[in-house]
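Structure, as structure tokens:
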Amino acid sequence: MIVIMKPQATQKDIDNIVKKINSLGLKAHTLPGTERSIIGAIGDTNAKNSLKTLSTQPGVDNIYPITKPYKLAARSTKHEDSIVTINNIPVGGKHFVVVAGPCSVENKHQIISTAEHIKSQGAALLRGGAYKPRTSPYSFQGLEEEGLKLLAESKKKTGLGIVTELLSAHTTELVDKYTDLIQIGARNMQNFALLKEVGKLKTPVLIKRGLSATLDELLMSAEYVLAGGNYNVILCERGIRTFEKAYRNTLDLNAIPKLKELTHLPIVVDPSHGTGNVKLITPMAKAAIAAGADGLLIEVHPKPEEAYSDGEQSLTFAQFSDLMAAIKPYVELAGKELVVVAK
Ligand code: PEP
Ligand code: MN
């Protein structure tokens with residue numbers, strides 16, 4: 001069930017409802033919002049009848065059942081777009097963000113020079129993998145903690161928030177210490193143990209769509225994190241596997257308006273992995289913005305031909321500058337504002 005509070009409801013009114021829901025053996029989730037508070041009562045639905053009596057409590061506007069399997073993620077639970085704040089950068093609603101950086105953190109010069117360049121062009125967050133999920137065990141696996149330290153150094157130098165992948169639950173504490181937005185990779189989208197771990201944190205989480213995951217499955221993965229009490233979740237469309245062999249993945253742009261209908265969570269699009277091809281990245285970035293994306297995730301490398309991973313889909317600094325110039329009118333046309341960090 002979902003309890004919609006009146007806009008003028010006080011904190012005392014909210015606390016009273018939360019207490020009553022919890023006393024029925026359910027878990028109350030107060031979803032953050034600017035207009036009014038929404039409290040989800042999640043758990044055994046046998047308590048449904050007792051919940052109905054909450055409608056007479058002070059500050060309550062309405063109560064109704066949640067019909068979707070993903071309850072906290074559903075747009076029908078919370079109509080207003082969620083805005084997730086990462087290192088003071090808001091994402092969602094009118095706020096559009098560009099996350100950029102190399103696939104893998106390789107060395108100090110590589111990551112710091114990339115951070116400085118992407119910042120100068122209007123990116124607000126720096127991405128870079130320190131733990132890499134590779135198809136081959138013989139491929140570069142990441143610099144691990146050394147990579148996290150280099151990301152921290154880049155943040156100190158530029159002020160850019162850090163986005164990096166959490167590959168396994170045993171490194172959660174370590175990765176969390178260095179990260180402003182924890183990436184759950186496509187291959188881990190249904191690693192439920194990992195999702196439960198990040199659900200216990202307050203650090204925002206970016207969940208990438210699995211290679212063959214449906215939108216419902218993606219939303220159920222988000223639900224794991226929300227149900228744990230971490231409401232700072234962003235979804236990422238990064239391409240799916242189809243019969244088409246002309247590019248690495250098929251970027252499913254249908255997913256953006258459809259997800260906007262199904263969920264209030266922000267949606268970022270990754271045309272780098274979504275196409276696997278430098279030439280396709282800018283056109284697909286524009287299309288993603290036109291379809292309603294709240295942000296982009298772009299791989300950039302000072303020398304793509306020497307990259308340890310994903311060089312063929314990494315933009316040079318000059319190509320990234322061109323992409324930023326090309327997308328600006330699209331962001332404006334979509335009625336959004338590019339969020340940048342203070343110089
Ligand atoms: C990445 O962002 O470099 C990455 C490995 O992404 P995905 O999990 O989408 O393949
Ligand atoms: Mn990559």
Side-chain angles (χ1 to χ4, degrees), residues 97-106 110-111 114 118 123 125-137 139-144 147-148 150-151 161-168 171 175 179-191 194-195 198 204-213 215 217-218 221-222 233-242 247-253 255-256 267-278 280-281 284-285 288 293 295-316 319-320:
V97 75
V98 175
V99 183
C103 181
S104 307
V105 180
E106 296 167 6
Q110 173 236 22
I111 193 70
T114 306
I118 62 152
L125 298 166
L126 174 68
R127 63 146 289 148
Y131 295 86
K132 293 305 300 177
R134 305 305 301 279
T135 303
S136 165
S139 301
F140 177 62
Q141 304 286 309
L143 295 181
E144 303 186 342
L148 296 173
L150 292 176
L151 286 167
I162 299 302
V163 185
T164 200
E165 179 163 350
L166 174 66
L167 201 54
S168 60
T171 53
V175 171
T179 315
D180 298 293
L181 175 61
I182 295 177
Q183 178 172 321
I184 299 295
R187 289 152 195 84
N188 263 325
M189 189 204 87
Q190 284 190 314
N191 181 339
L194 193 59
L195 295 171
V198 295
V205 178
L206 177 83
I207 306 178
K208 298 190 88 175
R209 182 180 180 185
L211 275 70
S212 59
L215 298 187
E217 286 164 343
L218 173 62
S221 294
V233 177
I234 300 176
L235 305 174
C236 180
E237 165 57 43
R238 48 78 72 208
I240 51 174
R241 185 167 282 179
T242 70
Y247 21 77
R248 184 178 183 189
N249 290 295
T250 297
L251 189 65
D252 177 16
L253 293 183
I256 306 162
I267 301 147
V268 162
V269 173
D270 171 358
S272 301
H273 293 86
T275 64
N277 182 333
V278 162
L280 302 181
I281 294 173
M284 294 314 278
L296 292 172
L297 195 146
I298 306 286
E299 286 189 338
V300 180
H301 195 285
K303 287 188 180 155
E305 66 283 4
E306 291 175 15
Y308 293 177
S309 58
D310 287 350
E312 60 292 343
Q313 65 188 41
S314 298
L315 301 185
T316 60
Q319 286 167 334
F320 181 69

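Both counts, for ligands and for their atoms, begin at 1 and track the order of listing. Keep in mind that what you see is a predicted model, and the values were worked out from it rather than measured.
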Counting non-hydrogen protein atoms only, what is the nearest one to [atom]? Give residue, atom name and distance.
| atom | result |
| --- | --- |
| atom 2 (O) of ligand 1 | Arg127 NH1, 2.7 Å |
| atom 4 (C) of ligand 1 | His273 NE2, 3.5 Å |
| atom 9 (O) of ligand 1 | Arg238 NE, 2.6 Å |
| atom 6 (O) of ligand 1 | Lys208 NZ, 3.0 Å |

Distance filter under 4.0 Å to [X] heavy atoms, resulting ligand 1 atoms:
| X | value |
| --- | --- |
| Ala186 | 7 (P), 8 (O), 9 (O) |
| Cys103 | 3 (O) |
| Gln183 | 1 (C), 2 (O), 4 (C), 6 (O) |
| Lys132 | 1 (C), 3 (O), 5 (C) |
| Gly185 | 8 (O) |

- Query: Got a salt bridge between Glu165 and Arg127, using NZ or NE/NH1/NH2 to carboxylate O under 4.0 Å?
  - Reply: no
**Request:** May I have the step-by-step check of side-chain contact (heavy atoms from CB on, under 4.5 Å) for Val269 and Met284, ending in yes or no?
**Result:** CA-CA 9 Å; Val269 173; Met284 294 314 278; over 6 Å; no
Next item on the list: Report yes or no: does Gly129 have a heavy atom closer than 4.0 Å to ligand 1?
Entry: no
So is Arg209 touching ligand 1 or not, going by heavy atoms under 4.0 Å?
no
The atom name of the N, O or S atom in His273 nearest to the Mn ion (ligand 2) is NE2
Of all the N, O or S atoms in Asp310, the one nearest to the Mn ion (ligand 2) is OD2
Supply the atom-to-atom distance [X] [atom1] to [Y] [atom2], rounded to the nearest 0.5 angstrom.
| X | Y | atom1 | atom2 | answer |
| --- | --- | --- | --- | --- |
| Gln313 | Ile298 | CD | CD1 | 10.5 Å |
| Arg134 | Ser139 | CZ | OG | 4.5 Å |
| Leu211 | Thr250 | CG | OG1 | 10.5 Å |
| Lys208 | Asn188 | NZ | CG | 12.0 Å |
| Glu237 | Ile267 | CD | CD1 | 9.5 Å |
| Leu194 | Ile184 | CG | CD1 | 4.0 Å |

In this structure, the Mn ion (ligand 2) sits at the vertex of an angle between OE2 of Glu299 and SG of Cys103 that rounds to 10° as 100°
query: Side chains of His273 and Asp310: do they bring a donor and an acceptor to under 3.5 Å?
result: yes
